[in-house]
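Comments concern the structure below.
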Amino acid sequence: MLTRWKRYNETRERIFSLEAEGKAQVFAPDRMPVDNSTRDMSQLAAAHRIGPSLACRGLPALREFVDARLI
């Protein structure tokens with residue numbers, strides 16, 4: 001029986017729970033522009049480029065998150 005999807009969903013839920021508790025900082029797109037069957041390389045490349053832009057946009061929050069833990 002395939003259970004990868006179940007483990008993925010459980011892990012995702014745990015990660016977002018940690019964020020809600022203030023124990024993690026998560027960078028994730030509001031909407032993923034591809035799904036797990038996308039094979040179009042230009043679509044996949046565009047989705048991949050979202051990561052750095054999310055990181056840049058989230059950098060102030062990440063700095064605040066890290067600073068709060070250093071005190």
Side-chain angles (χ1 to χ4, degrees):
M1 178 183 347
L2 297 175
T3 62
R4 182 171 50 183
W5 64 270
K6 185 177 180 182
R7 290 190 317 270
Y8 170 86
N9 288 339
E10 289 169 352
T11 300
R12 186 178 187 283
E13 184 177 313
R14 177 70 179 138
I15 288 169
F16 283 101
S17 292
L18 288 170
E19 182 183 41
E21 294 170 16
K23 296 179 180 178
Q25 184 70 35
V26 177
F27 296 103
D30 297 327
R31 188 189 79 71
M32 183 55 93
V34 296
D35 60 32
N36 63 357
S37 64
T38 301
R39 292 177 180 255
D40 182 300
M41 290 305 290
S42 63
Q43 289 179 353
L44 292 169
H48 188 265
R49 287 189 298 271
I50 291 172
S53 65
L54 280 173
C56 287
R57 190 173 68 216
L59 193 54
L62 179 59
R63 284 187 176 132
E64 186 178 317
F65 177 81
V66 171
D67 287 345
R69 271 122 198 97
L70 295 176
I71 298 174

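Fair warning: this is a prediction, and the values are worked out from it, not measured in the lab.
Residue Glu21 holds its CD atom at 13.5 Å from CZ of Phe16, rounded to the nearest 0.5 Å. Taking CZ from Phe27 and OG from Ser53, the interatomic distance works out to 11.0 Å, rounded to the nearest 0.5 Å. Atom CG of residue Asn36 and atom CH2 of residue Trp5 lie 13.5 Å apart, to the nearest 0.5 angstrom.
For Arg7, the side-chain contact (heavy atoms from CB on, under 4.5 Å) test picks out Thr3, Arg4, with sequence neighbours left out.
Taking every heavy atom of both residues into account, Gln25 and Phe65 meet most closely at OE1-CB, 3.7 Å. Residues Thr38 and Leu44 share a closest heavy-atom pair of O-CD1, 3.8 Å. Here the shortest heavy-atom pairing between Ile50 and Pro29 reads CG2-CB, 4.1 Å. In this structure, Leu54 and Ala28 approach most closely via the heavy-atom pair CD1-C, 3.6 Å.
In this structure, Val26 is not a member of the same hydrophobic cluster as Val66, with clusters built from ILVMFWY side-chain heavy atoms closer than 4.5 Å.
Counted by atom type alone, Asp40 and Ser42 present one or more donor-acceptor pairs between their side chains at under 3.5 Å.
Side-chain contact check for Glu19 versus Ile15: every heavy-atom pair is 4.5 Å or farther apart.
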